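What follows is a single structure, written as C-alpha cells, with notes after it.
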Amino acid sequence: MHNANNLFINYMDKAVHGSPVVQANFLKVILKVSETIVKILKHENLIINLNYEPGKFWPAHKDKTVAFVDGGLDKTSFLSSAPLTIRAGSYIVNKAAKEEFFTQQKNCLVDLYDPDNELYDFIDDDNFEDLMLNKKKDAARIIFEASALVNHIQSERNIDLCFLHGPIQAILTPFTQQGFPPFTKLAAEYIIPFYKKKKMSPEDRHFINVYLECVKFIKKSPFPIYGVVETAVSAAYTKNLLYSFKSKGIISEKDYRETIDTIIKYRITDANLFEIILKKNQALKPIEIQKQFYGNKIIQRSMWDDLIEQYPKIFMGYVKVTDNQAPIRIETLNYPSNLISDFSYILAVSKLLPNYGYPVGLNVVDRFVKISNWMSKASRNYFTTHLLKQAINNKDKNTVSLALKILSKKNRAWMNRPTKRRISR
Amino acid sequence: MRKKLKWQTIGTVLGETNINEFFFSLKNYQAKKGDIVATETNVPDGNGKIISVTVWGKIMSIDCSNEWFPRQAAQELANEDIDIRDTILPTTRDELICKVSILGYTKNNEDKLKLLPLVYPVKPAASVNYPHSNDVEKLLISDLNSKHPIFIGSLLARESVEIKIDADNLVSRHVLITGMSGSGKTVMVRRIISELMQKMFPMLIYDIHGDYLGFVQKNKQMFPDNKVKLFYPNLSIKSEDKEIIYTLIEKLGKPLTEPQNDYLNSLINKVKYEESSLIKYINKLIAQSRDYIKDRNSKTKGASSGMGHIKAATMFVVNRSLGQVVKKLISMEQTNFRHRKKMVNLKFEQLPDAGTEPEKIISKGQLSILYLKGYETLPASAIVSILSESLFKHRQEVEEEIPPFLTIIEEAHNFIPSRTENKDNLPSVETIRKLITEGRKFGTGLMIVSQRPARLDETIVSQCNSHISFRIKNQKDQKFVRDTSETFDAEDTKQLPALANGQGVISGQVVNFSLPVQIKFDEQLLNTDIGNENFISTVEKWDDKETVKLRKKFAKDFSSISESDQRRPH
Ligand SMILES: Nc1ncnc2c1ncn2[C@@H]1O[C@H](COP(=O)(O)OP(=O)(O)OP(=O)(O)O)[C@@H](O)[C@H]1O
Ligand SMILES: [Mg+2]
C-alpha cells in the first residue's frame, strides 16, 4: 500500500468508518463531483498533455543543472546523547559536467530557538511526543529548507531547475500560536544572512518573519523552484477553482456552498478527483492560490495576521506520472514561464521512481538527509550490533530496550520509502 | 618506524573490531582488494605501559553499495533503455566497506619492522592509512627477515611494492606451484631460477616441454658466471654399474622374485659387459637366456648349461622382462633423439653417470636441464627415479661429493600421481617421497610444478611448506588448494579462478603471510627455438617432404586409373 491517498483507500476508509449513508454515497458523489470538475477544467483549458520519450529526453537534458532540496531530522542522533539535529540537504547535479554535489545545512535544535523568549512551559525536552517540540521541529525543517533555497539562489552556481520536497510555502498557522519561540540571533543570521543585520527584536527573529523574508527572496529566484507534494490531502485546487467560478458568477453562491460542503463532508481531496480525471502523462496547469487564506476567510486569527497577509500567493498544479498513482502536486511562487518543458521535466524525473511517481532526485536527497554518512546501510549493522552488545553488557534495562527498538526499527525507518509529508491544506 | 612520512588517509575504522580483523569505510577508488593498509592504535605493552603502534592489515574484500540509488530507478532505466549517465541519478555515491584481515602490529619507535601478533583490538573510528610503497616493502622485507631474499614480482594490488621471498626456505624446504595451463607457473619458476643462478645455487630441472631451453640460449648473455648444461638421458653405463639392470627391470619390467633374481644374476655373471650400450648388453642377456631355455627344454634338462636347478617358467619370466625393458629403452631413445634433432642450435650432452660423476650434473653455479621430451610417463619416471636417487645418495654420504641443490619437477602429476591415479606404480613416486621427507636434512629441496594439484601424491604435497597458486578454474583443484594449504588466506583462494596470467597467491615459509602477487615476466628466457607453439605459422611455412610430394603427384595418376577402371563396361 504505497499511497494512503489512493482513491481506493479513501473509499475503503469510508466503507469501514463512515456512516451507512456516507458509505453508499461516496463513490456516487465523487464521480458526480469529478464530472463537474472535468467540465470546468476543460472549459478553462487547464488539462495539458505531456510528452514522455525518455530515450530522447534524457540525452537532451543532460546538460541541465538541477537541484533537489529536502529537510529532515537526524534520526541517528538519539542513539547517543547528542541533541536532535535538523538538516536540509541538497543534491545538485549536472551530468554533462559530471557534477554531483551533496551539500547540507544543519543545526542542533537546542541552538536554534531563543530560550529567553520561550514563553510556554517546557515540559520535558526528551519527550518526543510533545506538541510544541513537534512544531519546533517542523518550523526548523521548513526554515532550513527555505534557507537552503536562499543559499542556492545566492550561490555562484547556475541552476536551471530546482525542486523542493514539500510545499513551496508552508502553512503558517501552527507557528502563530502564542509562545512559539523566536530563533536565536545566530540562527536567524545563519538562515538568511542578509536579513536585518543590526538590530533584531525577538519578533524579527520569529518564524513568521524570518520565513517571510526567505519566501520573498525565493520568489525572486532567477530559476524556477518547484515544491513537490506527493500526498496532498487537501482540496485546495478544486476549492479555488470553484471559488474563482463563483467570483466570475459562473456558478451561484448556493451551488458553490453546497459543493464545498459535500467536498468537506466526504473529505474529497484534489488527489481523489484528479486521480480519476487525469490520465498518465497529463497535468493540470497551475492556478493561483492564497495559501494562508481560503477564499476571503482567514484560517485562524492571530497577532501575525498582518504579516501573513504579506505572504505571496502560490501557483498550484498537478502532474500524473503513472496510472496507478495519485497525481503529484506541484507548487511554485511564480507562474512557470516554461510550463510545458518544466512539467515535462517533472514527469520524466518522476518516471525514474515508477512505484511512487515523484521526482527521483528528491528520493535521493531524502536518503541523504535521513541517513548520515557514517550510519548508512553497511556501517549500520556494525553499529547497531555494537550498541546492543554494549547495552547487554551494561545490563541496563532501558538501554537494552532502546537498542532493541532501534534494531527492530532499522528496517522500517531506513530502508523503506521516505515518510510522507502530510499537508493539511 | 622513525620519521614516518605522512601516509594518506583512505578511510575510517567502523563499529566493532577485534584482534583478527576490522572493517572500514573506504573513500572512492583509494585502495584495492589485496592492498596493505595501516592504522594507528594503542596497545598495553605488558609492563603496565600503553604504547602506540601501527597495525597492518590486508584488504580481503570490498563491498560496495549505493543506497542513494533507488532500485526502482534501475528497473525504469532498463525498461526504457535509458543511460544512467544522462539522468540525474547519482553515480558517485558508492559506499565502500572493506574487510581487513590484521597481519600484526609494529612498534612505532623501532627502526626494524617486526610484525607482532595483535593482542588488543584496533580503535573504532580511527583513520585507516595507505602506507607508502617503500614502507610496505620495508615491512615485508624486514619482517621476512631473510638472509637471501629473492625478487619475484610485485604486490598484485600495488605494482610499486616489490615482493621478495626467502631463498633459504625455498631451497631447503619444498615448494608446490600450481595453476591451470598457461597461468604462469613456468614463468615463475624461470624467475626463481634466474635469481638462484645469481647466487650460484645448483639446480636440476626435469624439463618435459623444453620450457627451460632459454637458459641455454641466454647463458652467455644473461648468466656469464654460470654454467648451463643441457642433457639427454644416457642409456649406457659402466661395467661396474651393470647392477643397474636390476633396477631397470624392477622399474620398467615386472619386479622379480628371488629365484628369478638369482637366475638374472647368473645371466649377468655369465655375459661379459662391453662398454657400449645398455640396450646391446640386454639383448646379449636375452640371447644367452634363450640358449639356457633351449637347453632346459632339451633332453638334458639343462644339465649341459648347469641350469638344471632352475624352473623353465622362471627363465621365461626373466626373458620376457628383459625384452620389455629393451623395447622401452629403444623407443624412448628414438623419440628423444627426434626432438633434439629439431633444435640444431642447441648442444645436447649425454647425461653423465650420476653414480660416478655426480659433479658433472650438480656443481656450484651450474644449471642442469634434463630434456625429457618424448619420453612416456613410465620411462621418464624411471629416469627421474634413477637419477634423483643416485644424486640423493651422494648428499647422504659423508663425503658430500656434491653441494646442496634444488630439483625442479615440471608436470609433476606425471611423476608423482596420487595413490588412486598411480596405476603404473611409477618408480619416481617412491624416490620423491624419500627426497621430500628427508631432503631438509640433506639440502635437496624440491620445487613441484603441476596443473592438477588434486592429482598429486598426498604425502608429497603435504610436505610442501610453501605454496604458490596461479589461476585455477577446476573446482576440485580449488578445493584441494583450500584444504591442503592452511597458510593460504581463505579470501585469497576465492580469487584463484579470476587471476590473470602471471598473477598468483603465495603463502607458506618463503613469505611472511599469504600474498597475492604479480610475477615478473622474464621474456628473454622464453625458448626462442621452439617459440610458442604456433601451428598457423608452421603451416604457412609448410612444404611437403619429397616423398609426400611424389606420393601426391602419383596419386593423381593412380586415381585416373581407377576412375577409368570404373568407367569400363561390365
Ligand atoms: N608473470 C607474467 N607476466 C606476463 N605474462 C605472463 C606471466 N606469466 C605467464 N605469462 C604469459 O602466459 C604464458 C604462459 O605462461 P607459462 O608458460 O608460465 O604457463 P604454465 O602455467 O607453465 O602453463 P603450462 O601448465 O601449460 O605449462 C607466458 O608465455 C606468458 O605469455
Ligand atoms: Mg609450464
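Chain letters run A, B, ... following the sequence lines, proteins first, then strands; residues in each count from 1. None of these values were measured; they are calculated from a predicted model. These values consider heavy atoms only, across backbone and side chains, with no hydrogens, waters or symmetry-generated copies.
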message: Check this for me: N49(A), atom CG, are more than 12 non-hydrogen atoms of other residues, nucleotides or ligands nearer than 6.0 Å?
response: yes
Under 3.5 Å side-chain donor-acceptor pair for H132(B) and E137(B): no
- request: Name the region of V364(A), side chain, backbone, both or neither, that has any atom closer than 4.5 Å to a heavy atom of chain B.
  value: both
field: Cation-pi geometry met for R158(B) and Y130(B) (6.0 Å, 45°)
entry: yes
- request: Grab the two heavy atoms, one from D135(B) and one from P131(B), that are nearest each other, plus how far apart they are.
  value: CB-CB, 4.5 Å
task: With a 4.5 angstrom heavy-atom cut-off, could you sort out which part of T91(B) is near chain A: side chain, backbone, both or neither?
output: both
query: Side chain, backbone, both or neither: which part of F57(A) has a non-hydrogen atom closer than 4.5 Å to chain B?
result: neither
R329(A) to Y358(A) six-membered ring, cation-pi geometry met (6.0 Å, 45°): no
Chain B contact via Y52(A) - side chain, backbone, both or neither, heavy atoms under 4.5 Å: side chain
message: Can you tell me which portion of I82(B) sits under 4.5 Å from chain A's heavy atoms? Options are side chain, backbone, both or neither.
response: side chain
- prompt: Take atom NZ in K280(A); do more than 12 heavy atoms of anything else shown fall under 6.0 Å from it?
  reply: no
- request: Please state whether the side chain, the backbone, both or neither of L96(B) comes within less than 4.5 Å of a heavy atom of chain A.
  value: neither
message: Shorter than 4.5 Å, heavy atoms on both sides: which option in P359(A), P59(A), A96(A) has the most such pairs with chain B?
response: P59(A)
